[in-house]
Amino acid sequence: MSVIATPWEGRVLVLRVGGDTPHPKADEEFSLWFTPNELASAQTFKLPTRRDEWLQSRFAAKQLAMQLGLADDPRAITIERPSLERPSLVIKGITTDWRVSLSHSAPFVGAAISRAPIGIDVQSIRELDERAAHLFLSPEETDQMLECTLAHRILHFWCAKEAAWKQRSEEFATLRQVPLPLLEKRDDGLLFDAAETFLAGDVIVAATRPTS
């Protein structure tokens with residue numbers, strides 16, 4: 001895997017599958033990063049792609065947690081989601097107050113960690129019909145999107161919505177209801193009230209803004 005540089009170093013880590021960065025790529029190497037219970041959970045997915053996404057996004061979270069100094073053994077770090085609560089880091093069997101958000105869009109995976117609720121989304125660059133905007137944007141948000149001259153503008157809005165949803169999903173019944181006022185247009189992304197997006201080569205990354 002190779003690391004994708006973003007403006008949010010220290011709370012976000014995005015990886016591209018493949019490249020020269022050391023990563024678990026075979027079953028015997030997975031055992032260095034994941035507990036037997038985690039590997040068993042991964043094996044419950046019927047599709048190999050889902051299994052890989054599950055493992056790779058958690059690999060990103062473990063790597064980020066170690067960068068933050070939360071543990072020095074990746075097998076001491078697990079991710080649990082009690083009931084409908086947001087995922088949390090579990091360090092050496094103890095549930096912490098560190099919140100986790102995961103995302104994947106082949107060939108990219110991402111993880112975000114914060115003590116406050118946080119959301120991340122990654123979207124590989126592709127064509128998305130803008131007529132689908134009404135499915136996740138309000139009329140006002142659609143108008144804001146259509147006023148943008150940024151390439152792949154609908155993907156930026158989609159990515160930001162997904163990140164904001166992951167941060168506040170218990171407050172809204174649908175993705176479309178999550179408010180997403182646009183504050184600023186940039187050459188490499190968009191700044192919203194709830195999140196911001198960043199274009200890094202052939203991937204768009206969105207992360208929620210820190211809450212005070």
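What you see is a predicted model; the values in this text were computed from it and never measured.
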Please check if the number of heavy atoms outside [X] that lie under 6.0 Å from its [atom1] is greater than 12.
X	atom1	result
R126	CZ	yes
D72	CG	no
E127	CD	no
E130	CD	yes

What is the minimum heavy-atom distance between [X] and [Y], and which atoms define it?
X	Y	result
I118	A112	CD1-CB, 3.7 Å
L182	C148	CD2-SG, 3.9 Å
R99	A116	CB-O, 3.7 Å
A200	A5	CB-O, 4.1 Å
S57	W54	OG-O, 3.2 Å
R86	R81	C-CG, 4.2 Å

query: If you measure only the distance, is there a donor-acceptor pair under 3.5 Å linking the side chains of T95 and S88?
result: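 Distance-only check fails for T95 and S88.
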Is a donor on one side and an acceptor on the other found under 3.5 Å between the side chain of S103 and the backbone of G110?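 Checking the backbone N and O of G110 against the side chain of S103, no donor-acceptor pair under 3.5 Å is found.
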Can a donor-acceptor pair be found, under 3.5 Å and without considering hydrogens, that links the side chain of Q63 to the backbone of F59?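 Pair absent, no side-chain N/O of Q63 close to backbone of F59.
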Discussion item. Checking D121 against K161 for the salt bridge (charged side-chain N to carboxylate O under 4.0 Å, His left out) test, could you report, in this order, the C-alpha distance in whole Å, the side-chain angles of both residues, the deciding distance, and whether it holds?
Written reply: CA-CA 9 Å; D121 193 63; K161 271 275 184 171; over 6 Å; no
Exercise for the section: Would you indicate whether the side-chain heavy atoms of I113 and S101 approach each other to under 4.5 Å? Expected result: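 Counting from C-beta outward, S101 and I113 never come under 4.5 Å.
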Do the side chains of F108 and D202 get nearer than 4.5 Å, heavy atoms only?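 Side chain of D202 against side chain of F108, heavy atoms only: contact under 4.5 Å found.
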R51 NZ/CZ over F45 ring centroid, <6.0 Å and within 45° of normal: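 Because its charged atom misses either the 6.0 Å distance or the 45° angle limit, R51 does not stack over F45.
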N-O pairing of [X] and [Y] below 4.0 Å:
X	Y	value
R186	D188	no
K92	D73	no
K62	E38	yes
R176	E141	no

Determine whether the aromatic ring centres of F157 and F192 lie less than 6.0 Å apart.
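Between F157 and F192, the centre distance is under 6.0 Å.
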Assess the pair F172 and W165: is the distance between their ring centroids shorter than 6.0 Å?
->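 That pair fails the under 6.0 Å test.
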Next item on the list: Could you tell me how the ring of F198 sits relative to the ring of W8: parallel (under 30°), tilted (30 to 60°) or perpendicular (over 60°)?
Entry: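 Judged by the thresholds at 30° and 60°, the geometry between F198 and W8 is perpendicular.
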